[in-house]
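Single-structure report; data block below.
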Amino acid sequence: MLLRAQSTWLLALLAGLPLLQACPGQQAPPEDPGEEYALCVSSDCGEVTVLLPIPDAENIHFTPQGRLFVTGGSQIYEVSTDNDGTFSATALSDENCSYTGMAQKGDILYAACGDGRLFAGLINSAPQLQPIFQMENMCIANGMALGPDGHLYVVDEPLNPACLPPEPKIVRLQLDPADALHVIQQEIWLAGDAFGTLPFGAGTQSRFPNGLAVRDTRFYSTDGGSIFYVDLLPDGSAGPVTPIFFEATAHDDLSIAGDSLLVTDFFQGRILQLSLEGELLQATDPGSFDSPSAVQQAQPPMFRADDILVTEKGLLLEQNLPIDVLSLFRRRSAAEAAPP
């Protein structure tokens with residue numbers, strides 16, 4: 001979830017792709033995906049369809065019931081579809097800030113703001129998110145996940161030039177067990193030397209943590225060209241930072257998809273599927289997307305279970321061009337995918 005104004009290292013952007021006009025609607029699952037709802041994360045088997053514009057498109061969150069929320073630029077949206085398959089976005093906040101990561105606990109949706117504010121609201125028929133907490137000493141509050149201990153974990157990405165010296169970290173926000181709209185305490189869970197002393201990939205150092213996803217007690221995160229994980233230990237502390245994958249690019253966000261990870265490659269304009277151990281399983285062609293920020297496996301009823309949603313950020317510092325979009329990556333039918 002790379003923020004537009006503060007990300008000074010994001011100067012080389014890929015050219016925008018032409019928008020596709022078709023809307024997918026609700027369709028049957030693939031005829032023979034090899035296994036039930038197997039994912040296609042390759043340009044050889046899938047294709048991109050733009051669903052709707054989202055200014056400065058950022059993060060994606062599905063509820064267990066399949067409701068879809070997206071952050072973008074200065075707003076949080078719920079995305080829905082009409083009977084004719086047309087998608088629309090409803091704004092959920094009266095506040096103006098650079099919204100980033102999202103997480104859910106019970107019937108409460110949380111959203112982080114780059115300036116360190118935490119927004120939350122009950123997910124009801126007409127949710128409205130309001131600021132409930134101000135995080136301290138945050139450079140850019142970014143990726144967020146609900147931990148197995150019931151607390152929120154938020155990545156602080158040190159890409160704002162005003163943050164000197166830069167200190168990458170992950171903070172834990174302890175939620176009141178009696179009132180999940182109340183944050184009891186903010187504490188640093190992982191920071192400093194834990195990021196800066198371990199070699200990542202081709203001799204680089206971890207400096208730019210960004211996205212965050214959790215499976216059981218293991219947190220996965222992106223860090224420039226690196227993907228790493230950190231375990232939540234029984235005493236609540238963080239285990240060692242363990243790198244599992246590296247490329248000379250900028251990975252933005254990531255998410256859990258079954259027994260794999262979905263990852264965006266911001267610079268090369270593609271999405272990847274990795275095993276949980278870091279093996280590259282599939283990837284779309286470079287230029288498949290225009291500066292992809294977040295990626296999530298989709299959920300019914302609006303989508304097929306093997307669909308993938310991607311936010312395309314387009315040009316940093318710009319929110320009005322139609323290249324800032326929410327897109328669908330869907331497996332083509334066997335007939336469409338067959339060579340001529």
Side-chain angles (χ1 to χ4, degrees), residues 1-7 54-63 68-78 91-106 108-123 127-147 149-160 162-163 167-176 180-191 208-214 219-223 252-255 264 293-296 311 313:
M1 294 162 285
L2 294 164
L3 286 181
R4 45 194 176 88
Q6 294 95 338
S7 300
I54 298 289
D56 203 30
E58 191 50 47
N59 196 228
I60 302 168
H61 175 76
F62 276 99
T63 71
L68 172 59
F69 297 89
V70 178
T71 55
S74 58
Q75 190 52 261
I76 309 166
Y77 303 96
E78 179 169 8
L92 303 180
S93 177
D94 295 329
E95 301 282 342
N96 186 356
C97 82
S98 295
Y99 293 100
T100 53
M102 288 183 287
Q104 182 179 348
K105 182 175 184 179
I108 298 175
L109 178 67
Y110 302 90
C113 181
D115 63 12
R117 283 181 289 171
L118 177 69
F119 286 71
L122 294 173
I123 301 177
Q128 194 72 15
L129 274 66
Q130 301 291 339
I132 64 167
F133 185 72
Q134 176 66 59
M135 290 176 264
E136 298 180 351
N137 301 317
M138 300 289 281
C139 186
I140 302 175
N142 209 326
M144 179 164 59
L146 179 69
D149 54 2
H151 301 309
L152 295 175
Y153 290 75
V154 185
V155 171
D156 186 18
E157 184 182 25
L159 286 178
N160 189 334
C163 299
E167 183 188 28
K169 59 181 178 289
I170 300 176
V171 302
R172 175 165 53 206
L173 304 181
Q174 295 189 22
L175 300 175
D176 187 341
L181 288 171
H182 178 218
V183 176
I184 298 175
Q185 180 183 358
Q186 172 186 335
E187 59 183 338
I188 295 176
W189 185 61
L190 183 73
F208 309 119
N210 193 319
L212 192 64
V214 62
F219 291 81
Y220 293 87
S221 184
T222 57
D223 180 20
D252 197 332
D253 200 10
L254 79 172
S255 61
T264 55
S293 181
V295 57
Q296 279 275 349
T311 51
K313 189 169 274 297

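Scope of the values below: all heavy atoms of this structure, side chains included, with no hydrogens, waters or symmetry mates. Note that the numbering runs from 1 along the sequence shown for the chain.
Taking the side chain as every heavy atom from C-beta outward, I170 and V154 never approach each other to under 4.5 Å. Side-chain atoms of L212 and Y153, non-hydrogen and from C-beta on, do get closer than 4.5 Å to each other.
Among E187, H182, H151, the one residue that satisfies the side chain to side chain donor-acceptor pair (under 3.5 Å) test with Q174 is E187.
The distance from atom CG of L146 to atom CG of L173, rounded to the nearest 0.5 Å, is 11.0 Å. A distance of 10.0 Å separates CD in E95 from CD in Q75, rounded to the nearest 0.5 Å. Here CD of Q128 is found 9.0 Å from CD1 of I76. Values are rounded to the nearest 0.5 Å. Of the inter-residue distances, the one linking I108 atom CD1 with L175 atom CG reads 8.0 Å to the nearest 0.5 angstrom. Within the model, atoms CG of L118 and CD of Q134 stand 9.5 Å from one another, a figure rounded to the nearest 0.5 Å. Taking OG1 of T222 as the reference point, atom CG of N210 lies at 4.0 Å (rounded to 0.5 Å).
Between the side chain of Q104 and the main chain of G106, a donor-acceptor pair closer than 3.5 Å is present. No side-chain donor-acceptor contact under 3.5 Å links S293 to the backbone of T311. At least one donor-acceptor pair closer than 3.5 Å links the side chain of T100 to the backbone N or O of A141. Within the 3.5 Å criterion, the main-chain N or O of G211 finds a donor-acceptor partner in the side chain of S221. A distance-only check finds no donor-acceptor pair linking the side chain of N142 to the backbone of D156 [under 3.5 Å]. For the pair N59 (side chain) and M102 (backbone), a donor-acceptor distance under 3.5 Å is present. The backbone N or O of L190 sits nowhere less than 3.5 Å from a side-chain atom of K169 that would complete a donor-acceptor pair.
Nearest heavy-atom pair across G101 and M144 is O-CE, 3.4 Å. Residue V155 comes nearest to M138 through the heavy atom pair O-CE, 4.2 Å, listed as atom of the first residue, atom of the second, then distance. A pairwise comparison of heavy atoms in K105 and A180 identifies CD-CB, 4.4 Å as the closest pair. What you find for A103 and L152 is that their closest heavy atoms are CB-CD2, 4.0 Å. Counting all heavy atoms, side chain and backbone alike, F119 lies closest to S93 at CE2-OG, 4.0 Å. Shown here for L181 and A120, the closest heavy-atom pair between the two residues is CD2-CB, 3.7 Å.
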Run the numbers on V183 and D176 for side chain to side chain contact (heavy atoms under 4.5 Å, CB included), then give the verdict. CA-CA 6 Å; V183 176; D176 187 341; over 6 Å; no
Please step through side chain to side chain donor-acceptor pair (under 3.5 Å) for the pair D253 and Q296, ending with a clear verdict. CA-CA 9 Å; D253 200 10; Q296 279 275 349; over 6 Å; no
Full working for side chain to side chain contact (heavy atoms under 4.5 Å, CB included) between L68 and E78: CA-CA 6 Å; L68 172 59; E78 179 169 8; 6.0 Å; no
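Within a 6.0 Å sphere centred on CD of E136, other residues, nucleotides and ligands contribute 12 heavy atoms or fewer.
For the 3.5 Å distance criterion, the side chains of Q186 and N137 fail to qualify, holding no donor opposite an acceptor.
Every residue meeting the salt bridge (charged side-chain N to carboxylate O under 4.0 Å, His left out) condition with D115, not counting sequence neighbours, appears here in chain and number order: R117.
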